[in-house]
Amino acid sequence: MATPSPLLPAGTTAWLITDGKAGDLAPCRGLAEALGLAAEERMVAPRPPFSWLAPRGPADPRERALHPPWPDLAIATGRRAVPALRAVKRRSRGETFTVFLRDPRIGTRAADLIWVPAHDRLRGPNVVVTDLGPHPVSPARLAAARAQPDPRLAALPRPRAAVLVGGDSRHGRFPDEDGRRLLAGLERLADEASLMITASRRTPGPLRAALADLARRRGGFVWDGSGENPYLALLALADTIVATADSANMVTEACAAGAPVLLFEPRNLYPRHRPLFEALKSQGTVHPFAGRVEALRPKPLDMTLAIAQAVANAYIGHRDALARRTTR
């Protein structure tokens with residue numbers, strides 16, 4: 001779906017290097033699209049002990065995803081992708097420009113350019129810092145979803161509330177008590193708005209079943225995994241959005257839709273996410289979830305293009321330096 005863009009020269013080749021997690025692929029895809037790139041996705045799967053040694057250790061020498069021809073640009077994220085990105089830089093003899101999203105945990109020399117959210121501590125001359133990260137929920141995609149609305153959602157009476165539910169993660173579990181609090185708030189919200197619910201693969205089974213029952217009883221919609229994924233349509237057609245705070249990516253994407261975001265915070269909220277959410281609350285983009293519609297619509301908050309411009313500027317400087325080196 002990527003389209004040509006003036007940000008980078010025509011014909012620029014790119015890889016997206018991750019271990020395949022959806023939460024890692026999404027920001028890489030969003031950045032590539034903003035750059036106008038049709039990037040190849042290279043999934044790494046290092047074997048032990050190389051997987052154990054990441055991010056500091058070497059890449060698995062038998063990693064099938066890493067073979068020439070090397071790309072002009074490589075974008076990576078995730079602990080296990082750090083050695084792979086460094087290997088691409090070394091094996092390309094420095095010609096591939098490397099970008100890492102989030103803190104690589106080994107310092108600023110992990111890549112030519114690093115993006116981190118403001119709540120991370122990493123800083124340096126090659127570090128780009130913004131409140132929100134890149135994502136694939138672009139204005140163009142939202143506009144297309146509104147121009148041709150998903151009939152499963154467009155038939156629901158307005159106001160409509162998109163409900164984005166996460167669940168257990170490596171940072172903590174989503175306990176039953178939090179599930180009950182969320183469901184009680186959604187019952188109140190259903191008095192004011194049509195619910196459009198999507199759950200994650202991480203959502204506990206009992207909570208998923210209770211959400212489906214809620215949608216059935218209150219005349220809402222819940223995606224059961226059949227048919228096309230309506231995630232983008234939910235954001236595009238929502239008058240308000242409820243998002244659980246276990247996923248910074250999910251909240252970031254919700255903020256791009258231009259609807260009030262109601263944040264449900266589990267009791268074991270990942271501490272590193274707290275500064276981001278507090279900043280979004282202070283800006284009026286995000287509000288604590290209280291089971292009611294928030295009427296004041298904020299402007300869409302999206303920093304993907306700004307990050308893409310920083311990458312493009314640095315990439316062009318890198319290519320100019322390579323050209324000067326070859327003409328000496």
Side-chain angles (χ1 to χ4, degrees), residues 21-23 26 137 145 149-255 257 259-270 273-274 277 280-281 286-294:
K21 292 187 182 70
V137 182
D150 188 318
R152 295 172 294 178
L153 307 176
L156 295 174
R158 298 186 68 173
R160 307 184 190 103
V163 182
L164 317 178
V165 182
D168 299 335
S169 73
R170 62 189 178 93
H171 303 303
R173 298 188 64 79
F174 201 97
D176 293 343
E177 181 183 358
D178 283 332
R180 289 190 291 269
R181 284 198 301 120
L182 175 62
L183 288 165
L186 292 176
E187 285 280 6
R188 296 192 299 273
L189 185 63
D191 292 334
E192 301 183 32
S194 299
L195 302 184
M196 308 181 295
I197 304 172
T198 184
S200 164
R201 287 172 293 183
R202 300 181 290 106
T203 306
L207 177 56
R208 183 188 298 270
L211 290 168
D213 178 69
L214 172 64
R216 178 186 56 78
R217 288 188 292 101
R218 304 305 296 268
F221 168 86
V222 64
W223 188 49
D224 60 5
S226 62
E228 186 177 353
N229 188 336
Y231 181 75
L232 187 67
L234 262 68
L235 297 179
L237 299 179
D239 297 293
T240 195
I241 301 170
V242 178
T244 59
D246 52 278
S247 169
N249 276 359
M250 195 160 63
V251 176
T252 294
E253 291 166 356
C255 289
V261 177
L262 309 178
L263 189 68
F264 177 83
E265 300 182 54
R267 297 188 187 279
N268 60 352
L269 176 65
Y270 183 38
H273 288 168
R274 196 176 302 279
F277 297 148
L280 293 174
K281 289 175 189 175
V286 163
H287 308 267
F289 177 53
R292 58 180 175 79
V293 172
E294 178 66 42

Summary of salt bridge (charged side-chain N to carboxylate O under 4.0 Å, His left out) pairs that have at least one residue in residues 220-237, sequence neighbours excluded: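 Found none.
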Check [X] against [Y] and note the closest heavy-atom contact, atom names and distance.
X      : Y      : result
Cys255 : Val286 : SG-CG2, 4.0 Å
Ala238 : Ala259 : O-CB, 3.8 Å
Thr240 : Glu294 : OG1-N, 4.2 Å
Ala233 : Leu153 : CB-CD1, 3.7 Å
Leu235 : Ala254 : CD2-CA, 4.1 Å
Ala243 : Val251 : CB-CG2, 4.2 Å

Listed pairs under 3.5 Å, donor-acceptor, residues 190-199 side chains, sequence neighbours left out:
residue: Asp191; atom: OD1; partner: Arg218; partner atom: NH2; Å: 2.4
residue: Glu192; atom: OE1; partner: Val293; partner atom: N; Å: 3.1
residue: Ser194; atom: OG; partner: Pro157; partner atom: O; Å: 2.7

Contacts of Arg181 that satisfy salt bridge (charged side-chain N to carboxylate O under 4.0 Å, His left out) - sequence neighbours left out: Asp178
Approximate separation, where rounding is to 0.5 Å, of [X] [atom1] and [Y] [atom2]:
X      : Y      : atom1 : atom2 : result
Arg188 : Leu183 : CZ    : CG    : 11.0 Å
Leu189 : Leu214 : CG    : CG    : 9.5 Å
Leu262 : Thr244 : CG    : OG1   : 12.5 Å
Asp150 : Asn229 : CG    : CG    : 10.0 Å
Arg152 : Leu234 : CZ    : CG    : 9.0 Å

Check side-chain hydrogen bond (donor to acceptor under 3.5 Å, both in side chains) between [X] and all other residues, then give those that pass, not counting sequence neighbours.
X      : result
Arg202 : Asp246
Arg216 : Asp213
Arg158 : Asp239

Would a 4.5 Å heavy-atom cut-off, applied to side chains only, mark Phe289 and Leu186 as touching? yes
Does some side-chain heavy atom of Leu211 sit less than 4.5 Å from a side-chain heavy atom of Val165? yes
How would you list, by chain and number, every residue that makes a side chain to side chain contact (heavy atoms under 4.5 Å, CB included) with [X], sequence neighbours excluded?
X      : result
Glu265 : Ala245, Leu263, Leu269, Arg274, Lys281
Arg201 : Ala22
Glu177 : Arg180, Arg267

Contacts of type ring-ring contact (aromatic ring centres under 6.0 Å, His included), residue Phe221, not counting sequence neighbours: none
